[in-house]
There are 2 protein chains.
Amino acid sequence: MRVSTRGEYGVRAMFDLALHFGSGPIALKTIAERQRISESYLEQLMAALRKAGLVTSKRGAQGGYELAATPTNVTIGEIIRVLEGPITPLDCLETDTGTGPYCQAPDRCVLRSLWKELQDSMTQVLDNTTLEDLRQEAYRLEVAEQ
Amino acid sequence: MRVSTRGEYGVRAMFDLALHFGSGPIALKTIAERQRISESYLEQLMAALRKAGLVTSKRGAQGGYELAATPTNVTIGEIIRVLEGPITPLDCLETDTGTGPYCQAPDRCVLRSLWKELQDSMTQVLDNTTLEDLRQEAYRLEVAEQ
DNA sequence: TTCAATTCCTACGAATTTAGTGGGAAATGA
DNA sequence: TCATTTCCCACTAAATTCGTAGGAATTGAA
């Protein structure tokens, strides 16, 4: 029931981009240093996020990455799905007609309902939290600090 | 974000025991066949459940496993925790004073709040569903069938 | 034009976790 | 006595995770 480092680092990187949104592209190196993530590892994650259209990139000097949409329009669920695949406790939930003994009759499978409920509770949180939510929360904490 | 086969099979086995609760010990072989799980693999899972006190066992002929408590008093969360460890998206949530850069100040960590919310939504489902809930649901589905 | 900065791409590898298998000892009821 | 059944321990093959390494392509600025 864990989020791997792909998801964790990916969310951290995207959160970092959200905090600096609007001020041009940010170099991978900068994000990696701020978030204390291996540069070459993060590079792979950013490649996935770029291919999924969540960030845009600019090569060469003064290049870097930027959010492709405003923080308001990027959910944590999107990020996780790109980096970790479908948000589901069991693969059988992803198919209507599974192959396992318990997927033959999904409608009548009690355990499927259980896992579905778990899945729903997870996506409820992840799909309803945006980078903007996190940014505002960060601001609130910072103010409370003083 | 997946439940491994340990958790999946374990819940299935416990659900099986719940369906047959009250009629004496049930042999591992029987559960394994009904649930289509490898016998020796399931044996390891049952050992863990026994050591955790969720089932009792009886050796020898006519031996087998039984729920240690009534289905009403066994939650899915308990089963999962025994077989998969703490229900947490990130290990850092398990410690008050983590070691990572983002765990130095848990109270001020925005991302920690996010993962905590996810964790809460997961435990909300798993800790509030009992084997009895599943048993009743199974009964309802069976009736609706006719 | 040159050059440093930076993304892009591919391949490899070590460590860990997952999902089992196998063999035999101990206990129990008939 | 014996078939049944749990108990216990060691092993392993495959997949996944978490990276590292090296170099090609692009870009902006001096």
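Every chain is numbered from 1, with letters handed out A, B, ... down the list of sequences.
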Whole angstroms only, please: what is the CD-P distance between B:E8 and C:dT18?
14 Å
B:E84 CD to C:dT16 P, in whole Å, measures 20 Å
Name each donor-acceptor pair under 3.5 Å that joins a side chain in residues 50-64 of chain A to protein atoms two or more places apart or in another chain, with its distance.
none

If you look at every strand shown and take non-hydrogen atoms under 4.0 Å, does B:K29 touch a base, only sugar-phosphate, or nothing?
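Result for B:K29 = nothing.
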Got a sec, which pairs hit salt bridge (Lys or Arg N to Asp or Glu O under 4.0 Å) with one end in [range], sequence neighbours left out?
range                       : value
residues 22-33 of chain A   : none
residues 121-133 of chain B : B:R81-B:D127, B:E132-B:R135
residues 61-72 of chain A   : none

Electrostatic pair A:R12-A:D16, nearest N-O below 4.0 angstrom:
no
Would you tell me if any nitrogen or oxygen in the side chain of A:Y65 comes within less than 4.0 Å of OP1 or OP2 on C:dC8?
yes
Is there a side-chain polar atom (N or O) of B:R2 under 4.0 Å from OP1 or OP2 of C:dT17?
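Negative; the distance criterion is not met.
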Going 5' to 3' along DNA chain D, between which two nucleotides do contacts with chain A fall, using a heavy-atom cut-off of 4.0 Å?
D:dC18 to D:dA29
Sequence-distant partners of A:Y139, ring-ring contact (aromatic ring centres under 6.0 Å, His included), two or more places apart:
none
Taking ring-ring contact (aromatic ring centres under 6.0 Å, His included) as the definition, give me every residue that meets it alongside A:Y65, ordered by chain and number, with sequence neighbours left out.
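With neighbours one apart ignored, the set is empty.
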Could I get the full list of salt bridge (charged side-chain N to carboxylate O under 4.0 Å, His left out) partners for B:E142, not counting sequence neighbours?
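Expected list: none.
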Counterpart residues, side chain to side chain donor-acceptor pair (under 3.5 Å), relative to A:R6 (two or more places apart):
none
With the threshold set at under 4.0 Å for non-hydrogen atoms, list the residues of residues 37-47 of chain A touching DNA chain D in residue-number order.
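Per residue number, the list reads A:S38, A:S40, A:Y41, A:Q44.
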Which residues pass the side-chain contact (heavy atoms from CB on, under 4.5 Å) test with A:A32, not counting sequence neighbours?
A:E39, A:L42
Between protein and nucleotides 12-15 of chain C, what N or O pairs are separated by less than 3.5 Å?
none

Over all heavy atoms of both residues, which pair between B:V110 and A:A138 is shortest? Give the atoms and the distance, please.
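For B:V110 versus A:A138, the nearest heavy atoms are CG2-CA, 3.4 Å.
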First encountered from the 5' end of DNA chain C, between B:R6 and A:A27
A:A27
